[in-house]
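So that the names make sense, note that chain A is the first sequence line, chain B the second, and so on, each numbered from 1. Predicted model only: the values in this text are computed from it and were never measured.
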Amino acid sequence: MPELPEVEIVKQSLKKKIQHKKIKKVIVSNRNLRFKLHKNFEKILENRFVKKVLRKSKYLILGLDNSKYCIIHLGMSGTIHLMDKTKNKNTNLSFYQSPILPKKHNHIEIFFSNFKIIYNDPRRFGYFFIIKNKLELEKFFLKIGPEVLSKKLNFKYLKKKLINRKKNIKNLLLDQNFISGIGNIYSNEILFYCKIHPNKIGFKITNKEIKKLLYFSKFVIKKAIKYGGSSIRDFKNIKGSIGSFQLEFNVYDRENKKCLIKGCNGKIIKKFISNRSSFFCNICQK
DNA sequence: CCGTTAACCTGAGAGC
DNA sequence: TGCTCTCAGGTTAACG
């Protein structure tokens with residue numbers, strides 16, 4: 001269930017482990033992920049060197065030495081685990097979820113010389129996608145909105161995109177064609193910092209608020225990366241977890257708690273806005 | 001084109 | 001203990 005910061009952390013640990021390494025073997029036990037796995041998935045990956053490990057928005061990208069790319073989206077419950085052959089020890093690279101993984105949800109195993117990585121995904125909303133070449137990769141990412149941290153996300157872009165938009169700002173922040181990389185946790189946190197009500201309609205967002213949105217969306221995402229992402233729900237079970245942004249939440253999962261702004265007597269409201277839970281201060285956010 | 005809703009899945013936790 | 005219900009960090013097809 002990762003957003004940009006969590007995917008970034010997975011990328012960093014994955015890169016350290018598999019970049020410049022050769023894929024020896026691939027074993028797939030379930031091809032039915034969000035999208036059916038490529039017919040020749042194993043063949044395409046086997047005996048290839050991983051030249052690059054990248055991340056764009058919420059996607060992981062493995063660049064192979066045959067000019068192909070493997071894009072990975074973790075969906076809501078996808079995690080990547082590392083199994084060391086010699087130590088027979090399982091390390092969860094996606095530490096935002098419990099390291100205990102029921103084997104029945106291990107769908108893909110990628111073997112390197114003395115370790116393997118395992119893709120585990122109970123809900124199977126995640127997917128692996130093969131991209132032919134660099135041009136196709138660029139095309140793929142042109143279809144989604146600018147990444148929250150990119151320079152393409154600027155005042156001019158937001159101003160233009162907000163004209164006549166009747167969607168509320170919470171939904172717009174979650175819309176990957178509007179801005180990519182933000183999910184439910186961070187959209188709530190960003191709007192809290194901006195003091196904008198999640199239900200505020202796009203075209204009613206003022207210039208001053210656009211500036212705040214730009215500043216705080218980049219600020220929150222960068223801060224979350226710095227804290228190693230958010231480890232929620234199972235995080236208490238994870239020893240040695242470095243993801244600690246959940247301790248910095250102002251609104252997410254803080255229903256009925258006091259607003260953390262000094263002097264504000266507001267409390268945090270939980271409300272469903274378009275099927276996603278929204279958390280906001282009933283006084284601060286207008 | 002735009003906006004909304006339901007759907008895709010499984011498992012954890014709450015309430016009874 | 002066990003049943004039923006709701007909810008979960010995401011996306012997208014289908015519809016009006």
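OP1 or OP2 of C:dT11 sits under 4.0 Å from a side-chain N or O of A:Lys58. Regarding contacts with the backbone of C:dG9, every side-chain N or O of A:Tyr186 stays at 4.0 angstrom or more from both OP1 and OP2. In this structure, A:Lys270 reaches the C:dA8 phosphate: one of its side-chain N or O atoms is under 4.0 Å from OP1 or OP2. Look at A:Arg276 and you won't find any side-chain N or O under 4.0 angstrom from OP1 or OP2 of C:dC7. Distances shorter than 4.0 Å separate some side-chain N or O of A:Arg124 from OP1 or OP2 on B:dT10.
In the set C:dT11, C:dC7, B:dT10, the nucleotide with an atom closest to the side chain of A:His73 is C:dT11. The listed nucleotides are B:dC9, C:dT11, B:dT4; the one nearest the side chain of A:Asn171 is B:dT4. Considering only side-chain atoms of A:Asn275, the nucleotide from B:dT10, B:dT5, C:dG9 that sits closest is B:dT5. Across C:dT12, C:dG9, B:dT10, the shortest atom-to-atom separation from the side chain of A:Tyr127 is found for C:dT12. With distances taken from any side-chain atom of A:Lys104 to the nucleotides B:dG11, B:dT10, C:dT12, the minimum falls on B:dG11.
For the pair A:Arg55 and A:Glu147, the salt-bridge criterion is met [side-chain N within less than 4.0 Å of a carboxylate O].
Residue contacts shown for A:Asp121 are absent, as no nucleic acid heavy atom lies under 4.0 Å away. Residue A:Phe272 is in sugar-phosphate contact alone, with no base atom involved, counting any heavy-atom pair closer than 4.0 Å across all strands shown.
Side-chain contact annotation: A:Tyr119 with A:Thr79, donor-acceptor N/O pair under 3.5 Å absent. In the model, A:Ser67 has no side-chain atom that pairs as donor or acceptor with a side-chain atom of A:Asn133 under 3.5 Å.
Pairing for B:dC9 is absent, with no Watson-Crick or G-U wobble pair whose two atom distances lie under 3.5 Å.
Scanning residues 161-170 of chain A for heavy-atom distances under 4.0 Å to DNA chain B yields A:Arg165, A:Lys166, A:Lys167.
Both thresholds, 5.5 Å between centres and 30° between ring planes, are met by A:Phe125 relative to the base of B:dC8, so the two rings are stacked.
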